[in-house]
Amino acid sequence: MQFPNDVLAVLADQRTEIRHDQVRVPFELDRPLYEKVDVTLKDMGGRWDGRGAVRAHVFPYRIEEFMRQCLAAGEYPSRSEQGWYATPPALARQIVDAAGVYAGHTVLEPSAGAGALVGEITSRGGLVDAYEIDERRADILRGRGDCRRVFAGDFLAQDPMEYAEGFDRIVMNPPFSNGLDHILHALQFMKDSGHLVSVMSAGLMWWSDRKSTEFRELVEEVGGEIELLPEDSFAVSGTKVRTCLVFVPGYPGGRLRTHDWLMRQPLQLGLFDIAA
Ligand SMILES: C[S@@+](CC[C@H](N)C(=O)[O-])C[C@H]1O[C@@H](n2cnc3c(N)ncnc32)[C@H](O)[C@@H]1O
């Protein structure tokens with residue numbers, strides 16, 4: 001998304017304070033321009049904190065380097081374009097509690113954004129491999145220094161068989177637009193003994209297409225749960241979309257397509273590998 005010229009001028013102004021996780025504009029703007037700056041900063045992932053001591057747009061990550069790159073390019077990756085809605089801290093704690101992450105667990109975060117879930121996981125001693133399609137957010141993840149590995153790229157294009165073994169836990173809040181594709185792909189990275197916990201659009205609870213229906217049946221079959229989250233769960237991140245929490249426990253020997261399930265499948269005959 002291109003910055004409007006007048007917003008770019010305000011953000012690049014020497015007087016604008018861009019520090020740590022905050023952006024503060026300490027000089028007066030006329031109302032229409034103020035509103036444009038506000039909309040842009042919110043679309044970049046910030047939220048307005050009007051408390052006396054703050055009075056700034058606050059981001060769920062350090063904003064300086066990210067903003068420097070965006071201002072240099074004259075554009076930014078908007079949340080609406082990329083489905084980036086950071087998990088609010090209380091919900092991140094609830095999700096990681098539900099996943100039961102303990103020290104030494106290997107954990108996959110396949111759409112890690114700026115690391116809202118990563119921070120909760122690593123604070124409990126989880127060893128995280130994180131994927132993020134947006135290069136700038138991947139840089140933020142690397143800069144945090146708490147992941148075991150960070151991959152900048154499309155998780156849906158990642159082959160689970162490149163891992164010798166599955167993960168103990170999968171914790172995720174994928175883009176709302178194709179969340180179920182992300183969940184089904186992520187299950188292929190999980191051990192049979194693992195757990196997957198994911199935020200999803202609440203529509204998954206009632207959508208009648210075949211993929212959603214079969215997924216609900218599968219969740220029930222393995223003793224999992226799909227629970228509606230409160231209406232305002234993502235309000236601080238700038239969206240009113242209704243969400244649910246999906247919990248899928250591993251189910252040894254069942255038809256859940258986990259990493260172990262894939263490993264149990266007979267190898268394809270290498271018909272074209274025959275030596276000449
Ligand atoms: C709803 S946000 C959640 C971010 C983070 N998981 C959190 O909880 O704060 C979804 C993130 O997935 C990223 N994303 C979208 N498609 C992706 C893909 N195919 N592979 C990896 N990341 C992707 C977006 O850039 C965005 O940062």
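Whatever order the structure lists them in is the order used to number ligands and atoms, beginning at 1. Basis for what follows: all heavy atoms, side chains included, without hydrogens, waters or symmetry-related copies. Owing to the predicted nature of the structure, the values given are computational and were not obtained by experimental measurement.
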Notebook entry, point to check: Tell me: protein heavy atom nearest atom 3 (C) of ligand 1, and distance?
Noted result: N173 O, 3.1 Å
Check: Only one of Y251, Y102, F247 clears ring-ring contact (aromatic ring centres under 6.0 Å, His included) with H195; which?
Finding: F247
Check: Thinking salt bridges, do K42 and D38 make one under a 4.0 Å N-O criterion?
Finding: yes
Notebook entry, point to check: Looking at atom 13 (C) of ligand 1, what's its closest protein heavy atom, distance included?
Noted result: E132 OE1, 3.3 Å
Item checked: contact_flag A92 ligand 1 heavy-atom lt 4.0 Å -> no
Next item on the list: Without swapping roles, check the side chain of D260 against the backbone of K191 for a donor-acceptor pair under 3.5 Å.
Entry: no
Item checked: Minimum side-chain heavy-atom gap L127-V107 below 4.5 Å -> no
Margin query: Looking only at the side chains, is there a donor atom on one of S212 and D209 sitting less than 3.5 Å from an acceptor on the other?
Written below: yes
Notebook entry, point to check: Salt-bridged, D49 to R24, with N to O below 4.0 Å?
Noted result: no
Margin query: Out of all atoms in ligand 1, which are within 4.0 Å of some heavy atom of Y85? Include the element for each.
Written below: 1 (C), 2 (S), 3 (C)
Notebook entry, point to check: For ligand 1, which atoms have a heavy atom of P174 less than 4.0 angstrom away?
Noted result: 1 (C)
Next item on the list: Would you check whether G153 reaches within less than 4.0 Å of ligand 1, judged by its heavy atoms?
Entry: yes
Check: Which ligand 1 atoms are under 4.0 Å away from a heavy-atom of A86?
Finding: 9 (O)
Check: Among R136, E132, E109, which residue meets the side-chain contact (heavy atoms from CB on, under 4.5 Å) test with L141?
Finding: E132
Note to self: So D154 and Y131, do their side chains get closer than 4.5 Å, heavy atoms only?
What the structure shows: no
Note to self: Only heavy atoms of D154, strictly under 4.0 Å: list the atoms of ligand 1 that pass.
What the structure shows: 18 (C), 19 (N), 20 (N)
Check: Are any of the N or O atoms of I133 closer than 3.5 Å to those of ligand 1?
Finding: yes
Checklist line | pair E120-V171: side-chain heavy atoms closer than 4.5 Å | finding: no
Item checked: Region of A114 engaging ligand 1 - heavy atom pairs below 4.0 Å -> neither
Check: Strictly under 4.0 Å, does any heavy atom of M172 approach an atom of ligand 1?
Finding: no
Note to self: Suppose we measure from atom 8 (O) of ligand 1 to each protein heavy atom; which comes out shortest, and what is that distance?
What the structure shows: T87 OG1, 2.3 Å
Notebook entry, point to check: After noting the C-alpha distance and the side-chain angles of R31 and E35, does the key distance pass the salt bridge (charged side-chain N to carboxylate O under 4.0 Å, His left out) rule?
Noted result: CA-CA 6 Å; R31 188 78 205 168; E35 279 168 8; 3.0 Å; yes
Notebook entry, point to check: For ligand 1, which atoms sit closer than 4.0 Å to a heavy atom of P175?
Noted result: 10 (C), 12 (O), 15 (C), 16 (N)
Notebook entry, point to check: What is the closest protein heavy atom to atom 2 (S) of ligand 1, and at what distance does it sit?
Noted result: G83 O, 3.3 Å
Item checked: Element-labelled atoms of ligand 1 that are located less than 4.0 Å from some non-hydrogen atom of L117 -> 8 (O)
Next item on the list: Check each atom of ligand 1 against the heavy atoms of A116 and keep those under 4.0 Å away; list them by number with element.
Entry: 9 (O)
Item checked: Element-labelled atoms of ligand 1 that are located less than 4.0 Å from some non-hydrogen atom of P110 -> 21 (C), 22 (N)
Next item on the list: Considering non-hydrogen atoms only, spot the tightest contact between I18 and E64 and give its length.
Entry: O-CG, 3.4 Å
Check: Just by modelled atom types, is the Q158 backbone N or O under 3.5 Å from a matching donor or acceptor in the H185 side chain?
Finding: yes
Check: Which is closest to atom 5 (C) of ligand 1 in terms of heavy atoms, A152, P88, A138, S111?
Finding: S111
Item checked: Which residue and heavy atom of the protein sit nearest atom 20 (N) of ligand 1, plus the separation -> F155 N, 2.9 Å
